[in-house]
Amino acid sequence: MGLSSAAEIDGAQLCIFDLRRGQQEGQELDKILFFHPADCPILLQLSVIGLCEGIITFTRIFSPEDDCEVIESDKHCHVFYQAEPDIWMVLVVQKIKDNESTLRFGALQGILKESHSLFAMFHGPIRTLLDRQPSAEFARGHLHTFITDYLSDFSVGKKLQLPTYRDSLTERGTVQMLTVSREVALEVQSLTTVLGSCLRNVICQSVVLFEDLLVSTTLPMDDTLNLYTYAILRLTPSALSSNGNSWSYLRKGGYVNADTTLSSANGAASAERYNSRSRDTSPGGQNQMHHNFRPLQREKLSKGKDGFVAADFVTTEIRGAVPLNPILWFHQAEERMYLCVYQHKNLTILLVIPASSLINGEEGIAHVKRHLLENASQNIVTVEQKLSRGWGGENAYHVGGYRYILSDPNRKVSRASPPGKVITLSKDSLLALNRLRGEIDLEKSRAKRSDPTHDKDYEVCIRAKNNAWIIAKISRGKELYMAIEKGGETLLYASTAVEKFSNRYCEGAFSTD
Amino acid sequence: MQGGLSSPGALSHAYVQHPPLRCDIPDIKGLFYDDANRFLVAPTADRILYWKIAASTQSGPPNSDPINEGPILSVRFSLDQKAIGIQRSSHEVEFRNRETGEGCSKKCRADSETILGFFWTDCPTCDVIIIKTSGLDLLVYEPQSNALRLVESKKCSATWYLYTHESRLLLLASGMQCTLFTGYQFSAGGIVKLPKFEMVMSKSEANNKPVLAAADVHIVTVYGRIYCLQLDRVGMALNLYRFYRDAVVQQGTLPVYSSRIAVSAVDNIIMIHQIDAKVVILYDVFMDSYAPISAPLPLLVRGLASNSKQAAQPADQQSSAYGGTLYGEGWNFLIPDLICDAENGLLWKLHLDLEAIAASTSDAPSILEFLQRRKSDLSMVKTLSLAIVRTTILERRPVTLVAKAMDIILDSYSRSMKMVGGAAGVRRTSEQNQQSSFQPVEDSRVVSQEPPGTMIGPVINTDSASGVESGQSQSNSGVEHGIANLAAHVDRSSLNTSSDSDGITNTSRAVSQATSSSQISDATGKRPQVVGEDSQPLASGTSMQHGTHVASVAISPIEMVQSVFVLVEDEMMGDPAYLIAVIMEFLRSLSKAGLKAPPDLYVMMTALLACSNRYAEIALFVSNKILEPSRELAMQLIDLGRHHSLTRKLGVDMLRERCLHHDYVAALLQDGYYLEALRYARKYKVITVQPSLFLEEAVAKNITPNLAAVLSFFAELTPSFKTTSDYSRYRHILSEMV
């Protein structure tokens with residue numbers, strides 16, 4: 001059937017389209033807001049999107065309330081995500097033969113969700129962009145640069161390397177917290193107060209990270225998650241340091257490639273539009289006041305001598321080499337915010353300043369920065385010292401014998417075994433775990449459909465190959481997945497292991513009642 | 001700036017309380033002051049009348065004692081008050097045993113020397129010291145035989161001398177200008193000779209050398225330190241010296257606005273009376289700051305009917321009201337805080353007007369520090385301190401400033417807690433001392449707990465009869481506290497009672513003692529200028545040591561919550577973020593001081609966060625324990641969960657973590673998790689929750705097998721359940737469902 005056309009493309013495809021556009025015959029092209037890979041023939045793009053639209057419409061007959069989430073075919077897996085009303089993101093992944101269960105739909109959809117939230121944080125909702133400019137040049141231009149920059153993290157050569165069973169002990173879309181003592185937590189809050197007073201009349205919000213872990217936030221959960229995600233992608237010391245290394249170079253290759261291949265077919269058109277947009281200085285945009293500011297563009301972000309991390313746009317004609325601060329859109333706050341990033345050793349501070357309270361943008365930010373340096377430096381140094389002293393290193397949250405992920409989807413928080421320990425698991429264990437997580441995901445969404453307010457508890461223990469126990473336990477909305485290799489034979493052993501872990505590390509959240 | 005703090009008498013910072021002690025009895029031949037016993041003595045022809053003014057200056061009939069007739073130059077009772085010494089002339093001192101009435105006298109060679117004065121001492125080797133122009137006679141007084149025995153004579157020339165019992169310090173002036181000084185300290189610890197030193201005098205003309213008079217030199221004892229103030233009339237300056245064991249160091253120069261000055265010490269504040277200008281200037285030298293606390297202001301008479309309404313009145317009006325003159329000719333300033341108006345026969349006691357001082361500055365942290373160091377008028381200190389903190393919050397002063405203010409309050413509290421505990425813990429050592437040492441209670445002292453040698457060994461004696469600590473005494477590894485820590489006053493009677501006060505010593509034994517040493521090093525560690533590295537501050541004999549708070553001066557966290565946060569909460573509702581930040585700083589101060597916050601505060605903080613829609617932060621603070629778990633907090637979270645289900649979950653989880661089984665089961669049931677609740681109830685044997693609540697939930701969910709299961713569960717768990725009406729009722733419902 002129609003799916004065969006997609007098979008011609010090697011690897012994964014990601015498309016974004018708007019069902020409210022291009023509904024007239026002959027105008028189908030207008031639907032497409034983004035397509036990866038950009039050099040994909042326009043006809044193929046139309047065919048993929050046409051198929052997706054068909055599936056969406058078809059499934060709505062049976063399930064008007066809930067959207068289609070995934071379609072699995074012989075060779076492909078289509079993952080759907082309705083990011084905004086009638087704006088769909090679809091990820092098409094080619095299946096590798098023999099082990100059909102290496103992918104987990106939840107993990108793939110996580111990518112779509114994450115990229116959309118980040119996009120909306122920097123550029124606002126796609127619908128708003130489309131409403132503001134019906135020709136969709138802004139929207140296409142922003143999506144093109146943004147999603148391409150985002151996908152550059154996944155691309156190996158020309159291909160996208162998407163999450164597989166090896167990532168079954170990670171959870172996209174959650175924040176990882178640093179555990180601190182009460183005394184240090186109070187010290188951090190004291191810093192937060194000082195940070196909040198960087199502007200005289202308005203309280204600034206802040207998010208504080210240590211290494212790649214969240215220490216404190218004054219923002220609501222969703223905004224915290226977005227900023228946190230952005231920070232660990234691009235701003236933390238480890239993210240910044242990966243800018244120049246070979247690994248990043250490899251990615252860069254892939255992404256430059258994508259840029260240069262814009263000349264083909266549809267790509268040419270979008271590139272042209274994109275260029276014209278960058279000359280466009282019409283008001284009403286957001287980050288286009290910074291011209292083509294690309295928040296996810298790795299190469300441009302760096303830490304300055306003053307400790308602030310900013311994008312340095314040498315090429316900007318008007319401003320010269322001025323460090324720029326991105327503007328953010330937040331879910332709950334209705335106004336635009338400036339993001340100002342300060343870094344001291346392993347401590348990263350994201351300061352969020354309401355744009356309306358700064359009379360003249362960059363100058364106001366310079367004032368805030370000065371204020372921060374003058375008043376908060378001492379606190380920052382103290383907090384960094386205390387956190388460093390208590391920091392257990394990258395294996396701080398390793399629990400001997402267990403490979404686990406502990407997550408609270410309601411709070412969007414997770415904690416997991418360090419990656420360096422997870423890779424010691426055998427492939428069989430990881431596959432089993434991945435499969436189990438997929439099953440649980442299904443169960444969860446089924447339960448949610450029947451009673452959205454009631455948390456259902458689950459407990460599954462599976463004896464896998466190599467004497468491994470694969471365990472999933474959901475209790476009062478909190479989730480725990482773990483793999484214990486070389487464990488005892490009895491089920492009692494497995495449940496005791498969970499009980500021990502729960503009492504020791506989860507304050508009894510998973511203990512058997 | 002301090003709104004609401006200004007007091008009616010704000011134009012004065014020090015006052016005397018009306019009515020004074022009246023001592024204008026006819027027939028008396030002058031008034032004498034015995035500063036060791038704090039007696040005001042008025043001799044008549046054959047008797048001496050005396051008032052004990054240690055405790056109060058309330059008027060009352062004087063005590064009386066017969067004496068022989070004769071001229072009287074000075075009168076001093078022995079420290080045990082069993083004998084009276086009367087200087088009859090410049091060559092004779094008479095001693096009279098008050099029990100037997102026997103007398104003896106000590107005379108000196110009339111031709112070559114004169115007696116300048118005498119005093120009683122608690123020094124271990126002698127009882128009486130007579131100061132003569134040619135030197136000192138150290139004598140032992142034997143009451144049985146009523147005889148004096150010379151122990152030692154020290155040769156040195158003296159033109160005049162100064163001695164205060166408070167400091168146990170004797171200064172002998174000699175030289176052409178009387179600017180060369182020899183000093184001795186006669187204390188229970190022994191005799192210490194200070195190095196000779198010279199005071200500075202400006203010269204007016206080349207050949208005119210002014211002579212320093214005894215009236216121009218004042219010994220002041222504050223914070224257990226000994227200072228000396230010397231008026232340089234030519235230079236119109238007041239030189240301030242501090243005494244260390246092996247040095248006398250000039251600390252600074254204070255301004256003078258009068259050719260005559262007088263010095264008092266009230267509650268460790270130095271008051272310098274500018275007599276001609278009729279104003280007084282206050283200094284608090286605790287932090288070695290020599291700036292006055294406030295501008296020069298007149299002294300006020302409080303309690304006069306006429307000025308109770310009006311703020312301040314011209315001095316003449318005041319004086320006419322009570323029949324004397326402020327800073328009149330007859331005013332004598334007695335040590336440490338008394339004024340004797342010899343002309344009118346009145347005795348006044350000086351007081352600080354803390355309220356007025358607090359109102360005169362907007363620097364909240366420094367005024368709080370000042371207040372927390374005060375020992376008098378404790379309830380006023382407390383009220384003022386709380387009001388200041390409230391005001392800083394209401395005025396929305398910077399959070400850092402409020403934090404500093406709260407730090408000071410809590411520091412002071414935790415210190416006072418530790419002092420009480422420390423004194424208690426050490427009681428045994430001081431009891432051991434009683435067996436071995438000559439004068440047990442007096443000998444007890446605070447010794448730094450630092451290993452010998454690592455510190456300069458600040459030693460501050462805590463009781464009335466202590467001395468300069470000798471270096472080797474620090475080899476005592478134990479901390480020896482004076483029980484006298486608990487006694488606020490210098491007089492002996494209070495010392496004795498305090499050593500019996502088991503009630504206090506039993507409390508909080510567990511509190512670390514080590515803090516007392518750090519406290520002391522705090523008090524002395526800020527020693528300025530180039531004093532020899534091993535020189536120790538010369539300690540006075542007073543108990544006026546910083547840190548020995550009586551518990552009531554300190555403000556407990558609970559009082560802070562009730563008298564500050566609860567009171568400002570309503571007014572701050574418009575700006576909860578500020579109050580939240582302040583409470584956060586308060587929690588930080590508490591945690592730094594090792595204190596706990598009352599659960600109410602967490603409940604309040606959570607409510608404030610919730611009303612500004614900061615639920616994410618509530619979760620953060622619960623998870624990192626900034627909001628310490630308690631049943632109160634859990635219930636508050638559940639309550640707030642009406643608007644935010646995740647917050648409710650936090651509260652329910654907290655109930656589970658706190659093992660509040662009944663509440664947890666009830667909360668689960670409320671949320672409809674009846675099976676989970678049942679499992680939990682079975683595991684933790686929670687039998688206090690009504691079975692009908694579970695059954696009702698099961699019926700509401702309309703799942704037949706579950707209802708049947710719950711029913712049979714209760715039937716099995718409690719055999720008597722089958723006989724209840726609940727059982728039959730739900731049985732019936734079940735049969736209808738099937």
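Here is how names work: the chains are called A, B, and so on, in the same order as the sequence lines, proteins then strands, and each is numbered from 1.
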Toward chain B, the part of A/Ser216 with a non-hydrogen atom under 4.5 Å = both
ask   = Under 4.5 Å between any side-chain heavy atoms of A/Met121 and A/Leu227, yes or no?
value = yes
request  = Determine whether the side chains of B/Glu632 and B/Tyr602 contain a donor N or O and an acceptor N or O closer than 3.5 Å.
outcome  = no
ask   = Under a 4.5 Å heavy-atom cutoff, which of B/Leu675, B/Leu646, B/Val399, B/Val652 has the most pairs with chain A?
value = B/Leu646
Contact leader toward chain B among A/Met177, A/Glu183, A/Glu187, where contacts are heavy-atom pairs under 4.5 Å = A/Glu187
Exercise: do B/Asn706 and B/Tyr674 side chains pair donor with acceptor under 3.5 Å = yes
ask   = Taking NZ, NE, NH1 and NH2 as the nitrogens, is one of them in A/Lys444 or A/Glu479 under 4.0 Å from a carboxylate oxygen of the other?
value = yes
ask   = Contact part of B/Asp653 toward chain A, heavy-atom cut-off under 4.5 Å: side chain, backbone, both or neither?
value = side chain
request  = Answer yes when A/Asp455 and B/Lys649 have at least one side-chain N-carboxylate O distance shorter than 4.0 Å, and no when they do not.
outcome  = yes
A/Phe510 and A/Leu406, any side-chain heavy atoms less than 4.5 Å apart = yes
message = For A/Thr193, which atoms come within 4.5 Å of any heavy atom of chain B: side chain, backbone, both, or neither?
response = side chain
ask   = With only heavy atoms counted, which part of A/Val215 is less than 4.5 Å from chain B, the side chain, the backbone, both or neither?
value = backbone
key: Contacts of residues 575-592 of chain B with chain A (heavy atom under 4.5 Å)   = B/Ala577, B/Ala581, B/Met584, B/Glu585, B/Leu587, B/Arg588, B/Ser591
ask   = Is chain A contacted by the side chain of B/Leu650, its backbone, both, or neither, given a heavy-atom distance below 4.5 Å?
value = both
key: Toward chain B, the part of A/Lys456 with a non-hydrogen atom under 4.5 Å   = neither
request  = Taking the side chain as every heavy atom from C-beta outward, state whether A/Glu374 and A/His371 have any atom pair closer than 4.5 Å.
outcome  = no
task = Decide if the gap between the ring center of B/Phe714 and the ring center of B/Phe694 is smaller than 6.0 angstrom.
result = yes
ask   = For residues A/Arg415 and A/Thr179, is any side-chain donor paired with an opposing acceptor at under 3.5 Å?
value = yes
key: Distance-only polar pair, side chains of A/Ser511 and A/Ser502, donor-acceptor under 3.5 Å   = yes
